[in-house]
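Here is the structure we will look at.
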Amino acid sequence: MKSISKLALFLTLLFVPASMLISQESEARQKILILGDSISMAYGPFVKQQLSEFADVSRPVRNGKDENCAGTIHGVANLDRWLAAAGEVDLIFFNFGLHDLKRVDRDTKNYSNNPADPRQAEPDEYRQQLSQIVARLKQTEARLVFVTTTPVPVGDVKPRREVGDPLHYNAIARTVVDHQGIEVLDLYAPALKNLAEWQQPVNVHFNPKGSEELAKLVSARAREVLARKDASAANPAPWTADNDQVERLSQKGDFLYCEANVPEFELPDVFGAGGKAVGKDQWPAQRKAMIELFESEMYGRPPVQLESATIRFETGPLIASEVDPRISTRTVTAIIGSGQKELFRFPLRIFQPSAEGPFPAIVLIHNREFPDASAAIEIPTGFLPVSMLVEQGYAVAVFYTTGVEPDRADANGEGIRAACDREFGDSPARPDYWGCLTAWAWGASRVADYLVTDRTFSADQLTVIGHSRGGKTALWAAARDERFAVAISNESGCGGAALSRRKYGETVARISTAFPYWFAPKFADYANREQELPFDQHQLIGLIAPRGVCIGSASEDLWADPRGEYLALAHTAPVYKLLGAPSISDLTMPAPGEQVTVGRTSYHLRPGAHDLTEGDWLRYLTFLNQQFKRE
Ligand code: GCU
């Protein structure tokens, strides 16, 4: 129809019978194939209806009936047949997972209700089989969307499935599809939010309302994908920000998002004052001096009197979870004393395998609403995927940022800083008064105090992780406290992993006015004067060398400057080299989805928005398993 002139089109419309018009129109109709299990069999008819005006939606059929694509093992065996039957299609939605993670009898492979039985496909088999499916799908011309597996509810679900498994399997799937340039439609999170209303009781299936709602999400994505001009082809090339997003953000005019406009700048030497002349022997003293500089100019320092404070821990009982007995939890209260007096207390929550340790432990700086222990297990989120971590043999010690220091300008007398003001006469007027980031980093070290005294945890395998403001804190905590063997910064951006001198996305001027209480008062002096900072953030990361550092960015999180985060990491290479540890040094940005690991350093850029997701965690676990030789 495209080549028909306007006049011809007019005549056609006038004289062609209506029936012919419809058939001409149907030539342009889009073809969509849905490959998935019974969840998609239930939402499929709604998708069909919702897209009926422009698309034909199909799914595999066998003996005249809709066919369940089931688990990846079934997918590998039948995919050729399904694709041949569907013919050429424009878009394929595919999901595998919910069958893979169900328990089956070891011998008969029949469904089982016994949690001790294996899953239909254990995580490694799932990864491998899904990779085969993806490789085959990539041979088609169709655009591809992977749809995540929906939640398993709490209760006696038959056959047996674990509530934490969908997240884990989705994380694996993301690592398989991400670096193939295949996009993901997440049904897990929206379904989790609406589980009570959408899902059948104690059943993985959805009620009609739930299926219709899931279908709306699928249909919306189909419209969006098919409206895009260019197919989302695999993009193994180095990442660049999406042009449309850059344009949209730039139009607002407040911040710099166009790479071409990044000012020229010279980075301070990563070794700090004295530069390359600093040898291995001088490094500890140099490191100390640089920490002091970061304290006085940027993050602030705790009052000296706090160094002689005492600490003790009140430990609650270790309780195996009813929902998932493989996980045990304990609440611990850290109590800080000054002389005979109690100065301050804050709670932490530990999740660990119900087995004998010692376990490597991960300190999570939790800057979101703090879940109670059972909610964290019953409602596994990407931010805190407890069972995924515990199943891989890790303990997680979680503390709530606001429990240590309120995350707001007016702490209203609460928090460790106000306690010190009262006790030691400390004052926010001091130019190097500690900001929240330092207070939280101090909190992370107190959690480490607990972990190193309990033999259940491997004292030499402590990791500190945080997201966003928590990620800034994680880097600063590990820079200050050498007991952390690994620091993980998820999308920490300005004041974290991103180079300040690039002025890309969030700037010093903006962060020190929007969040002045995160930093020392002195830091505001560098607003619009980044080039005068006596350091840049590559030096913060360098302070952690030769220990492990893992940086994660997200492709749409331009506010946090993914490239600035990667470059900061790559620019630490001379320090790692001095200390005899291999590390990332290539200044070329990796491709989206790819995890680059060199020696003690790792970087990945997850396709998607600002968040800590199960896909990020899986990459961090991969790195930790390598570092701690747990593969
Ligand atoms: C804001 C802030 C960032 C910070 C983020 C977060 O966006 O500008 O610097 O990282 O909040 O912590 O979520």
Side-chain angles (χ1 to χ4, degrees), residues 189 241 245 248-249 252-257 294 298-300 363-370 381-384 398-409 411 415 435-441 443-444 464-479 487-520 523-524 526-528 530 533 536-537 540-541 550-566 568-569 605-606 608-613 616-617:
Q245 193 190 1
R248 233 181 15 255
L249 292 171
K252 294 189 192 149
D254 302 336
F255 298 98
L256 189 161
Y257 290 103
F294 271 103
M298 186 168 183
Y299 298 112
V363 177
L364 170 62
I365 300 161
H366 204 290
N367 54 314
R368 296 221 171 141
E369 210 174 301
F370 204 42
T381 61
F383 198 88
L384 176 53
V398 186
F399 77 95
Y400 183 36
T401 43
T402 287
V404 171
E405 182 61 40
D407 190 358
R408 47 175 199 267
C436 282
L437 299 180
T438 298
W440 297 331
V464 59
I465 178 173
H467 166 64
S468 212
R469 63 200 73 184
K472 307 181 209 295
T473 307
L475 292 175
W476 181 223
I488 302 177
S489 144
N490 196 70
E491 299 154 29
S492 59
C494 182
L499 292 173
S500 305
R501 280 170 173 73
R502 280 173 47 81
K503 301 184 188 175
Y504 188 104
E506 187 170 27
T507 58
V508 171
R510 151 75 202 216
I511 202 167
S512 60
T513 41
F515 303 99
Y517 50 94
W518 286 355
F519 300 95
F523 186 49
Y526 294 99
N528 304 313
E530 283 86 348
L533 274 164
D536 212 317
Q537 299 307 102
L540 175 71
I541 303 173
C550 209
I551 307 276
S553 311
S555 63
E556 292 164 22
D557 185 18
L558 303 190
W559 184 238
D561 187 13
R563 188 179 302 277
E565 297 189 305
Y566 177 73
L569 178 61
L605 176 117
R606 174 180 50 74
H610 184 68
D611 200 1
L612 172 58
T613 73
D616 296 312
W617 272 110

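In each ligand, atom 1 is the first atom listed, and ligand 1 is the first ligand listed. Quick note: numbers below take in every heavy atom, side chains included, and nothing from hydrogens, waters or symmetry partners. Because the structure is a prediction, the values reported are computed rather than measured.
Side-chain N or O atoms of W440 include one that pairs as donor or acceptor with a backbone N or O of E405 at under 3.5 Å. Side chain of E491 to main chain of D611: a donor-acceptor pair is present (N/O by atom type, distance under 3.5 Å, no hydrogens or angles). Between the side chain of D407 and the backbone N or O of T401 there is no donor-acceptor pair closer than 3.5 Å. Under the 3.5 Å distance criterion, the side-chain polar atoms of Y504 are matched with a main-chain donor or acceptor of Y257.
Annotation for ligand 1: atoms under 4.0 Å from non-hydrogen atoms of I511 are 9 (O). Less than 4.0 angstrom separates some heavy atom of W518 from each of these atoms of ligand 1: 4 (C), 9 (O).
Ring orientation note: the planes of W518 and F515 are close to parallel, at an angle under 30° on the 30°/60° scale.
With ring centers used as reference points, F255 lies under 6.0 Å from W559.
Given atom 6 (C) of ligand 1, the protein heavy atom at minimum distance is S468 OG, 2.6 Å. Protein heavy atom in closest approach to atom 2 (C) of ligand 1: F515 CE1, 3.4 Å.
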Evaluate the salt bridge (Lys or Arg N to Asp or Glu O under 4.0 Å) criterion for residues D536 and R502: first the C-alpha distance (whole Å), next the side-chain angles of each, then the deciding distance (0.1 Å), finally the verdict. CA-CA 10 Å; D536 212 317; R502 280 173 47 81; over 6 Å; no
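The shortest N/O to N/O separation between E506 and ligand 1 falls below 3.5 Å. For the pair W559 and ligand 1, the shortest N or O to N or O distance falls below 3.5 Å. Geometrically, ligand 1 and R469 share a nitrogen or oxygen pair separated by less than 3.5 Å. Backbone and side-chain nitrogen or oxygen atoms of K472 are examined, and one is located within less than 3.5 angstrom of a nitrogen or oxygen of ligand 1.
The closest approach between H610 and ligand 1 falls below 4.0 Å for a heavy atom of the residue.
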